[in-house]
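One structure below.
Atom set for the values below is all heavy atoms of this structure, side chains included, hydrogens, waters and symmetry mates excluded.
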Amino acid sequence: MTATHTYEVVVVGGGAAGLSAALVLGRARRRTLVVDAGEPRNAPSAHLQGYLSRDGMPPAEFLAVGRAEIARYGVELVRDRVVGATRDTDFTVVLAAGRTVRARQLVIATGLRDELPPVPRLAERFGRDVVHCPYCHGWEVRDLPTGVLATSPLSVHQALMVTRWTGDVRLFLHEVGETELTDVDRRRLRAAGVRVVPGAVAELVIADDRLTGVRLAGGGPSGGGTVHDLEVLYAAPRAVPNNDLLVGLGAELRETPFGSYPVIDERGLTSVPGLWAAGNASGFAEQVVNAASRGYRAGAAINGELLMADLDAKAS
């Protein structure tokens with residue numbers, strides 16, 4: 001029978017949020033374990049941007065530095081996957097490799113995964129010349145002929161934002177009907193100089209390992225549609241929160257246009273005592289710098305919660 005090990009805090013997820021929480025907890029001399037499945041969301045990207053002092057750093061290097069930092073403070077990290085968790089007075093966490101651990105507090109920093117639009121050749125280019133966020137990639141692809149693949153009416157907003165980085169923007173309506181554009185949408189798109197292209201995108205056109213255009217569905221003499229030349233395509237993935245552990249532990253969720261996320265207070269505490277959420281496990285729009293901030297805040301709050309609980313127990 002596998003022995004059960006006890007920690008003050010277990011952090012599930014070894015990205016920016018999880019490592020940041022673990023760093024704070026380690027420095028507070030809390031016995032902490034990080035369980036990392038090794039599947040970072042930003043792995044396809046060559047660099048992370050917009051993080052002061054870390055702008056342009058490769059994501060793998062960022063994580064390696066973070067792991068080295070938490071190790072200096074005695075935080076343990078195991079490469080494994082949490083397959084189940086229950087709560088009585090404490091949390092029991094079961095790992096895929098068979099290990100079972102106990103923790104007084106549990107941090108869920110499992111992030112989310114991206115489901116890309118099912119357009120041929122799009123997934124293979126994601127993180128290169130197919131991108132999703134102008135704040136993450138806009139500077140690197142500035143002034144290039146750019147398309148935006150519409151998968152919902154929210155794609156209009158994305159196209160408008162992209163015009164801050166390039167004056168050559170086409171909005172391919174793809175899954176959005178022309179009638180779904182509001183009068184305000186049309187006025188703003190005209191004012192921004194965005195060209196609206198009706199019809200579905202059938203595939204990406206690749207030459208010499210670079211994006212050269214998109215081909216619309218149908219209409220051509222051989223069954224192929226019109227090709228629009230471009231060098232960059234923005235495509236918004238569907239966000240799928242990795243919230244199975246939160247659901248299984250009974251955390252209250254809130255529905256958003258980007259999936260179901262836990263109801264949390266300003267520190268990251270969920271509706272379940274001792275259960276915390278940080279990074280993209282707590283919300284859709286947490287870029288790396290914001291995820292690290294969320295993790296820091298949760299780590300500091302957890303240390304305070306543990307301290308006061310121990311003092312109250314001692315005083316009673």
| said: Would you say that Phe258 contacts Leu154 through its side chain, given a criterion of any heavy-atom pair below 4.5 Å between the two side chains? | reply: yes

Can you find a heavy atom in the side chain of Ile264 that is under 4.5 Å from one in the side chain of Leu269?
-> no

| task | For the pair His174 (side chain) and Leu149 (backbone), establish whether a donor and an acceptor sit closer than 3.5 Å, ignoring hydrogens and angles. | result | no

Any side-chain heavy atom of Val130 sitting closer than 4.5 Å to one from Leu116? no

Tyr135 meets the side-chain hydrogen bond (donor to acceptor under 3.5 Å, both in side chains) criterion, sequence neighbours left out, with none

Of all heavy-atom pairs linking Phe126 and Val131, the shortest is CE1-C, 4.5 Å

- Task: Could you tell me whether Arg128 and Asp209 make a salt bridge, using a distance below 4.0 angstrom between a side-chain N and a carboxylate O?
- Result: yes

Next on the checklist: Main chain of Leu144, side chain of Thr146: is a donor-acceptor contact present, judged purely on distance under 3.5 Å?
Outcome noted: yes

Discussion item. Could you check whether any side-chain heavy atom of Leu23 comes within less than 4.5 Å of a side-chain heavy atom of Val75, counting everything from C-beta outward?
Written reply: no

Check: Thr110 main-chain N/O paired with Asn242 side-chain donor or acceptor under 3.5 Å: yes

May I ask you to check whether over 12 heavy atoms, not counting those of Arg31, lie within 6.0 Å of atom CZ? yes

In terms of heavy-atom contacts, Leu171 and Ala150 come closest through CD1-CB, 3.9 Å

*Linking I/L/V/M/F/W/Y whenever any side-chain heavy atoms sit under 4.5 Å apart, do Val288 and Met57 land together?*
yes

Q) Side-chain contact, heavy-atom cut-off 4.5 Å: Leu230 with Arg170? A) yes

State plainly whether the residues Arg113 and Glu39 are in salt-bridge range, i.e. N to O under 4.0 Å. no

Here the pair of heavy atoms bringing Ala207 nearest to Thr212 is CB-CG2, 3.9 Å

- So, Gln105 and Trp276: side-chain donor and acceptor under 3.5 Å apart, yes or no? yes

query: Looking at side-chain heavy atoms only, is the closest gap between Asp244 and Leu246 below 4.5 Å?
result: no

Those residues at least two apart in sequence (or on a different chain) that pass side-chain hydrogen bond (donor to acceptor under 3.5 Å, both in side chains) with Gln287 are none

Looking at Gly213, is its backbone amide N or carbonyl O close enough to the side chain of Asp229 to form a donor-acceptor pair, meaning the two atoms are under 3.5 Å apart? no

Item to check | Side-chain donor/acceptor of Ser20 to backbone N/O of Ala292, under 3.5 Å | outcome: yes

For Tyr51, I'd like to know if atom OH has over 12 heavy atoms of other residues, nucleotides or ligands within 6.0 Å. yes

Please determine whether residues Leu95 and Leu106 belong to a single hydrophobic cluster, defined as Ile, Leu, Val, Met, Phe, Trp and Tyr linked transitively by side-chain heavy-atom distances below 4.5 Å. yes

By side-chain hydrogen bond (donor to acceptor under 3.5 Å, both in side chains), Arg195 pairs with (sequence neighbours left out) Asp168

Note to self: Applying side chain to side chain donor-acceptor pair (under 3.5 Å) to Glu255 and Tyr261, what does each step give before you reach the verdict?
What the structure shows: CA-CA 7 Å; Glu255 296 298 325; Tyr261 297 90; over 6 Å; no

- In this structure, are over 12 heavy atoms from other groups packed under 6.0 Å from Arg164 atom CZ? no

- Item | Shared hydrophobic cluster for Val94 and Leu245 (ILVMFWY, side-chain gaps under 4.5 Å) | no

query = Would a distance-only check, ignoring hydrogens and angles, find a side-chain to backbone donor-acceptor pair under 3.5 Å from Thr226 to Leu216?
reply = no

TODO: Please confirm whether the backbone N or O of Gly279 pairs with a side-chain atom of Ser282, one donor and one acceptor, at under 3.5 Å?
DONE: yes

Applying the 4.5 Å side-chain criterion to the ILVMFWY set and letting contacts propagate, would Phe62 and Val34 be lumped into a single cluster? yes

| request: In plain terms, say whether Arg102 and Asp88 are close enough for a salt bridge, that is, a side-chain N and a carboxylate O under 4.0 Å apart. | output: yes

Between Pro153 and Val176, the two heavy atoms sitting closest are N-CG2, 4.0 Å

Salt bridge (Lys or Arg N to Asp or Glu O under 4.0 Å) pairs touching residues 19-29, sequence neighbours excluded, are none

Check your understanding: Hey, quick one: are Val148 and Leu160 part of the same hydrophobic cluster, counting side-chain heavy atoms closer than 4.5 Å, chains of contacts allowed?
Key -> yes

Does the side chain of Val11 reach to within under 4.5 Å of the side chain of Thr32, using non-hydrogen atoms? yes

Quick note, salt bridge (Lys or Arg N to Asp or Glu O under 4.0 Å) partners involving residues 287-310, not counting sequence neighbours, are Arg104-Asp310, Arg267-Glu305, Glu286-Arg294

Residues passing the side-chain hydrogen bond (donor to acceptor under 3.5 Å, both in side chains) test with Glu115, sequence neighbours excluded, are Arg238

- Would you check if there is a donor-acceptor pair between the side chains of Thr151 and Glu175 at a distance under 3.5 Å? no

Check: Sub-3.5 Å donor-acceptor pair from the side chain of Ser45 to the main-chain atoms of Ala43, do we have one?
Finding: no

message: His228 vs Phe172, test: ring pair (Phe, Tyr, Trp, His ring centres under 6.0 Å). Steps then yes/no.
response: CA-CA 10 Å; His228 289 258; Phe172 297 93; 5.3 Å; yes

Ala281 and Pro262 have their tightest heavy-atom pair at O-CD, 3.1 Å

Presence of salt bridge, Glu203 and Arg121, under 4.0 angstrom = no

Report yes or no: does Asp55 contribute a side-chain atom to a donor-acceptor pair with the main-chain N or O of Gly50 at less than 3.5 Å? yes

| message | Is it true that Asn290 and Ser293 share a donor-acceptor pair across their side chains at a distance under 3.5 Å? | response | no

Check: Counting distance only, does the side-chain N/O of Ser155 pair as donor-acceptor with the main-chain N or O of Gln158 below 3.5 Å?
Finding: no

